[in-house]
Every structure is written in C-alpha cells, then in structure tokens.
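Because the structure is a prediction, the values reported are computed rather than measured. Side-chain atoms are counted along with the backbone in the values below, which use heavy atoms only and exclude waters and symmetry mates. A, B, ... follow the sequence lines: proteins, then strands. Residue 1 opens every chain.
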Amino acid sequence: MFYTRKCGEIEESDFGSEQTLCGWLQDTRNLGGIAFLQLRDITGVIQLTLLKKKLDADDYKKWTNINRESIVLVRGIVKENKEAPGGVEMLPDNIELLNEAETPLPLGVIDKIDSEIETRLNARYLDLRKSEIAANFQIRAAVSGAVHKHLRREKFLEVQTPKIIASATEGGTSLFEMKYFDKTAYLAQSPQLYKQMLMGGGLERVYEIGPAFRAEEHNTPRHLNEFISIDIEMSFADDDVVMGVMERLVDSAARAVAKETEALETLGIEPIELELPLPRITYDEAVEMSNGKAEWGEDLSMEATREIAEQMNGFYFITKWPLSLKPFYIQPDDDPKYSRGFDFMYNEVEMTSGGQRVHDVNMLKERLKEQGLDPDGFNHYLDPFRYGMPPHAGWGLGLDRLSMIFAGAKNVRECVLFPRDRTRMTP
RNA sequence: GCUCGCGUGGUGUAGCCUGGCCUAUCAUCUCAGCCUGUCGAGCUGAGGACCCGGGUUCAAAUCCCGGCGCGGGCGCCA
C-alpha cells in the first residue's frame with residue numbers, strides 16, 4: 001500500500017506521528033511565508049501546511065507550484081490544529097509528485113462555477129471527484145445492494161438471461177438491430193419472456209438485475225437507451241402478491257439508503273421513509289383524480305400523472321388497468337375490460353410496470369391475435385406454456401430511476417456513470 | 001415521431017429583441033508578482049472566446065437561409 005492513513009481517517013491517537021498520505025492535490029493557497037495545500041482522497045480532504053522558513057527554498061517553491069488535481073504522495077507529522085479545516089493538518093517533510101495533472105482542466109473540480117451536465121459527462125472522471133457527484137453512486141450502490149439482499153431473503157433465485165435475441169418479441173418499443181454473424185439480431189428490451197420460461201422451468205421465484213435496451217429517440221431527464229432493470233417473476237402468485245414484494249423491496253432499499261448518512265448529508269437531502277402498505281389506487285380512480293386531464297381507455301399523460309401525484313405524494317400503485325392498454329402477456333381481470341396489470345409510481349415518474357401474466361396457452365394465442373400479432377411467430381415463447389405453466393406474476397423496476405429518487409436527483413444521468421442517450425455513446 | 005429552444009475564452013455567463021459606442025461583460029480559470037493562518041483567502045498585472053458555410057448591409061456576436069452540435073417539453077416507456 002502506498003499510504004499509511006486515508007486523508008479523512010486521521011485519529012486522535014495519530015497526532016504527533018509520521019504518516020504517509022496519497023491523493024489529489026486540489027488546491028494551493030500560497031500566502032508567501034506559509035502555504036496551505038489541500039490533499040483529497042475518497043475519504044475526505046486534509047490540509048498540508050508548509051512553512052517557508054522550515055523548508056528548503058527549492059522544495060517550497062516546487063511544492064507550492066504543483067498543478068491542481070495532480071497525484072501526490074506526502075510524508076510528514078500529522079497534528080491537531082484548531083485553525084486548520086477539520087482540526088487536523090499535516091506538516092510534510094516530503095511531497096512526491098506521482099503524476100502531474102495537465103492544465104487547464106476540462107472542468108474545475110473545486111471551482112465555484114458549476115459545469116453543464118454535457119461537459120461533466122464528457123469528463124466524467126473529473127466530475128466524479130466531486131463528493132456531491134460521487135454521493136449519487138454511493139446511494140445507488142446502497143439501493144442495488146439492498147435489492148439483492150432483500151430478494152434473496154424472499155427466496156428469489158438470481159438469474160441472467162440473454163441480451164442478444166433473435167426477434168422483436170414484445171412489440172411496442174423499437175429494438176436496436178445488430179449483426180449476428182450473417183444474421184440479424186436485436187438487443188433485448190426486457191427479460192420478460194425469459195423470466196416466464198423460467199416459471200415453466202419450475203424455478204418459481206427468479207430475479208435479474210441487468211441491462212435493457214430501447215431504441216426510442218426520447219430526450220427527457222428520465223429516459224436512457226440503456227438502463228438497468230430489476231426484474232422478478234414469481235409462480236403461484238397474482239398481481240397483489242408481487243405488489244407486496246415490490247413495496248417490501250422498496251422499503252428495504254429506503255432503509256439501506258437511510259444508513260448512508262454521509263452521502264445524504266453531502267447531497268443535502270433527508271432520507272425517504274415509507275409506510276407500508278403503500279397506497280393503491282385503481283386506474284378508474286386515477287382517471288377520476290386527474291381532474292379531466294385523462295380519458296378512460298387512454299394511457300395516463302404526464303399532465304394527468306402530475307395531477308394525481310399532487311394528491312398521492314410519494315410512492316403508490318395504480319392497479320386494474322384497462323386490458324387494451326397492456327401487453328398481450330398480461331392476465332385479464334374477472335371483468336375482461338380490465339387487466340391484472342399495475343404500475344408503480346413515484347409522484348409523476350413511472351418506476352415499474354408489472355402484473356399477473358397469462359399462463360393458459362390458448363388465452364395467450366387469443367391475446368396475441370387481439371393485439372395484431374401472429375402466434376406462429378411466437379412458438380419458442382409459447383412452447384413452455386404447453387407442458388405445465390403455473391400461474392405467475394412479476395414486474396420490472398428501473399434501478400436508475402429508483403436511485404434517482406433516493407438520491408434526490410432531477411436527471412437520471414446523475415445516477416448513471418456513463419449514460420447512453422439519444423446522442424451519447426461515449427465515454 | 002411531434003414541438004419549442006440554445007450554441008460567446010478551459011468552465012459558467014452578459015451582450016442578440018431594437019445591427020455601428022464590441023478594441024465583446026462579469027465570475028471562475030491559467031500565468032507572473034506581493035503577502036506567516038488561509039478556510040469562497042486577498043491584492044497587482046497579464047492571458048484566453050462570438051459553432052461552420054452562405055446571404056442581406058456602408059457595417060453582423062446581433063438579421064435571414066442552410067449545415068453541424070446540444071438541450072427542454074410531449075408522445076412512448078423503466
């Protein structure tokens with residue numbers, strides 16, 4: 001290891017001892033006879049205090065002229081000092097320049113001027129050095145970790161399904177087309193049909209956290225063309241049961257985020273607390289609540305959802321959607337005008353769509369035809385339904401969006417390291 | 001897919017409507033210098049920009065057309 005202590009982890013018992021630190025030299029304030037440098041690593045910032053008369057003149061000059069954001073290794077005595085930021089400083093005997101940063105920087109890490117997200121994403125490696133940016137990813141990791149832990153606790157088996165698929169299965173959104181040797185293949189928009197095959201495979205409870213791709217040319221703060229989807233599928237369960245899994249999962253995630261006190265403080269936000277069960281409104285009620293902004297039988301527009309969000313405030317479910325608005329694999333309700341499909345919302349943002357699935361092969365063929373699809377093209381998908389398919393339900397939840405909510409971010413890109421949107425393929 | 005808008009130093013902006021006083025504002029930044037307790041350090045000096053092409057005009061950062069790049073809203077969705 002290059003260092004003996006991290007910048008933000010100097011203990012009282014270290015005072016008076018010699019330590020070695022490494023990190024990024026973020027700032028130099030040369031007052032003439034005394035200079036203050038700020039050394040940063042992932043744990044925090046420590047002040048290095050240089051006294052001109054106690055140092056070799058060349059060293060003083062050299063060390064106070066290092067370009068900011070250069071990598072240095074510093075050795076010296078650490079001590080308590082009430083005048084220093086954080087109450088701790090180091091008096092370096094030696095500063096070794098491990099790797100000098102070029103100047104000017106593509107964006108200022110500690111500048112008072114904020115850069116635009118475009119500039120920031122182009123230089124993400126610099127952007128991430130800001131604690132308030134990195135904090136988003138701490139939150140995201142807490143969410144992702146809690147999701148794995150929770151679903152395993154509820155006996156879900158983690159699976160991975162292919163992302164290269166042969167045909168445009170679900171319909172609806174457009175897929176990215178790609179070359180697969182001398183054939184055409186597509187990038188999967190969702191693991192939906194594979195999850196269902198696994199129900200036919202008798203695994204009963206599965207989950208997958210993986211990428212999904214959608215070739216839609218949208219340009220909004222909450223859409224990406226590559227996103228991470230948390231998907232579950234559960235046998236012998238209906239829509240109501242998987243909504244229960246959903247709310248317990250989100251509650252677990254919320255509790256995990258609440259423990260990230262440092263990240264939350266950096267972001268200046270309060271943790272979100274949930275009270276289970278989360279509210280459930282039917283589609284009919286939602287239309288009612290939209291104050292005339294929605295028409296029955298139509299998808300809820302952004303305008304309508306905003307209206308509803310004002311009355312719901314936070315997480316909630318919209319259940320019993322009209323069957324005509326849901327994909328072919330969603331089970332009709334007792335009244336076939338409705339379905340057992342639901343959406344999970346956070347205010348006006350759709351987080352999840354899910355529902356009970358059709359498990360009867362004949363009904364599935366009917367539903368395909370109703371939606372103008374040819375059942376013959378779906379044989380690989382339909383086969384598992386012929387030899388013992390249990391009733392099952394499931395959903396897909398956007399990890400990026402969930403992280404965005406918990407991090408209090410206004411743009412999903414804030415919570416995705418290297419987002420892929422309409423125009424961006426790099427870095 | 002529809003629609004609205006934007007493009008000025010490394011970064012973030014003012015100026016554009018109402019063309020000339022723009023040798024282009026301010027901040028940050030970079031460089032040089034002064035300063036022994038900075039903590040948004042201060043002070044002095046210097047450096048650096050009108051997306052590209054065409055047009056209108058005596059005159060274009062400013063008006064018009066085209067291109068390129070980008071953003072927002074809607075649709076669709078996670």
Side-chain angles (χ1 to χ4, degrees), chain A residues 26-38 45-55 60 64-65 67-69 81-89 101-123 126-127 170-174 189-192 209-231 298-306 325-327 343-346 348-354 395-405 410-413 415-416 421-424:
Chain A
Q26 69 172 15
D27 198 19
T28 300
R29 290 172 192 168
N30 188 353
L31 276 64
I34 191 169
F36 303 104
L37 317 191
Q38 290 178 357
V45 179
I46 187 171
Q47 174 166 288
L48 312 175
T49 303
L50 274 54
L51 283 163
K52 191 174 194 174
K53 65 180 181 188
K54 294 213 171 165
L55 293 168
Y60 185 84
T64 53
N65 273 298
N67 289 162
R68 43 183 209 157
E69 295 302 323
N81 189 335
K82 291 201 179 70
E83 288 178 298
V88 183
E89 65 182 4
E102 287 179 27
T103 183
L105 300 166
L107 60 84
V109 175
I110 59 160
D111 290 9
K112 298 134 204 162
I113 304 290
D114 286 330
S115 304
E116 291 197 334
I117 192 149
E118 200 58 25
T119 309
R120 291 174 36 215
L121 291 174
N122 283 336
L126 274 170
D127 189 45
E170 272 195 63
T173 45
S174 4
Q189 57 138 158
S190 133
Q192 181 58 32
I209 300 181
F213 307 90
R214 307 229 168 137
E216 295 287 338
E217 297 185 34
H218 28 46
N219 180 17
T220 82
R222 59 189 183 284
H223 285 95
L224 293 174
N225 296 290
E226 176 182 346
F227 66 95
I228 302 299
S229 177
I230 305 162
D231 269 271
E298 307 264 299
D299 229 319
L300 299 176
S301 68
M302 207 62 192
E303 205 189 1
T305 330
R306 283 212 179 91
L325 291 178
K326 287 292 167 186
D343 281 4
F344 181 58
M345 313 286 295
Y346 182 80
E348 70 272 14
V349 184
E350 185 180 335
M351 305 295 300
T352 301
S353 83
W395 44 250
L397 166 68
L399 174 62
D400 316 286
R401 283 190 184 177
L402 193 61
S403 304
M404 168 174 81
I405 300 304
K410 292 202 170 69
N411 191 324
V412 70
R413 278 158 253 232
C415 294
V416 178
D421 62 27
R422 169 76 185 81
T423 50
R424 177 176 293 277

Classify the side chain of [X] versus the base of [N] as yes if they form a donor-acceptor pair under 3.5 Å and no if they do not.
X      : N     : answer
A:E116 : B:U11 : no
A:K53  : B:U36 : yes
A:R401 : B:C77 : yes

Atom pair distance, as rounded to whole Å: [atom1] in [X] and [atom2] in [N]:
X      : N     : atom1 : atom2 : answer
A:F36  : B:G40 : CZ    : C1'   : 16 Å
A:R422 : B:C68 : CZ    : C1'   : 14 Å
A:D27  : B:G37 : CG    : C1'   : 15 Å

What contact category does [X] fall into here, base, sugar-phosphate, or nothing, at under 4.0 angstrom with non-hydrogen atoms?
X      : answer
A:A212 : nothing
A:S229 : nothing
A:G108 : nothing
A:N67  : sugar-phosphate
A:L105 : sugar-phosphate
A:P106 : sugar-phosphate
A:I230 : nothing
A:L399 : nothing
A:E298 : nothing
A:D114 : sugar-phosphate

Quick check for you: among [options], whose closest atom lies nearest to any side-chain atom of [X]?
X      : options             : value
A:I113 : B:G37, B:G10, B:G12 : B:G12
A:A84  : B:U38, B:U30, B:U36 : B:U38
A:D421 : B:G37, B:G71, B:C35 : B:G71
A:L51  : B:U36, B:U38, B:G71 : B:U36
A:S115 : B:G37, B:G40, B:U11 : B:U11

Whole-Å [atom1] distance, [N] and [M]:
N     : M     : atom1 : answer
B:G9  : B:C29 : C1'   : 10 Å
B:G5  : B:U18 : P     : 16 Å
B:C74 : B:G15 : C1'   : 32 Å

Distance-only polar pair, side chains of A:S229 and A:D231, donor-acceptor under 3.5 Å: yes
Short side-chain N/O contact to B:U30 OP1/OP2 from A:R68, under 4.0 Å: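 The answer is yes; a side-chain N or O of A:R68 sits under 4.0 Å from OP1 or OP2.
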Phosphate-side-chain proximity, A:T119 and B:C70, N/O vs OP1/OP2 below 4.0 Å: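 No, outside the criterion.
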Runs of at least three consecutive pairs that involve RNA chain B, where pairs are Watson-Crick or G-U with distances under 3.5 Å: B:1-7 with B:68-74, B:10-12 with B:26-28, B:29-34 with B:42-47, B:51-55 with B:63-67
Listed once per pair and sorted, the salt bridge (charged side-chain N to carboxylate O under 4.0 Å, His left out) pairs that draw on residues 107-116 of chain A, sequence neighbours left out: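 Counting only pairs at least two positions apart or across chains, the salt bridge (charged side-chain N to carboxylate O under 4.0 Å, His left out) contacts touching residues 107-116 of chain A are A:R68-A:D111.
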Carboxylate-amine/guanidinium proximity below 4.0 Å for A:R401 and A:E350: no
Do any N or O atoms of the protein come closer than 3.5 Å to N or O atoms of nucleotides 72-75 of chain B, and which pairs are they?
unit_1 : atom_1 : unit_2 : atom_2 : d
B:G72  : OP2    : A:N219 : OD1    : 2.8
B:G72  : N7     : A:N219 : ND2    : 3.3
B:C74  : OP1    : A:R306 : NH1    : 3.2
B:C74  : OP1    : A:R306 : NH2    : 3.3
B:G75  : OP1    : A:M302 : N      : 3.1

Inter-residue atom distance A:F36.CZ - A:L31.CG, 0.5 Å rounding: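 Between atom CZ of A:F36 and atom CG of A:L31 there are 6.0 Å.
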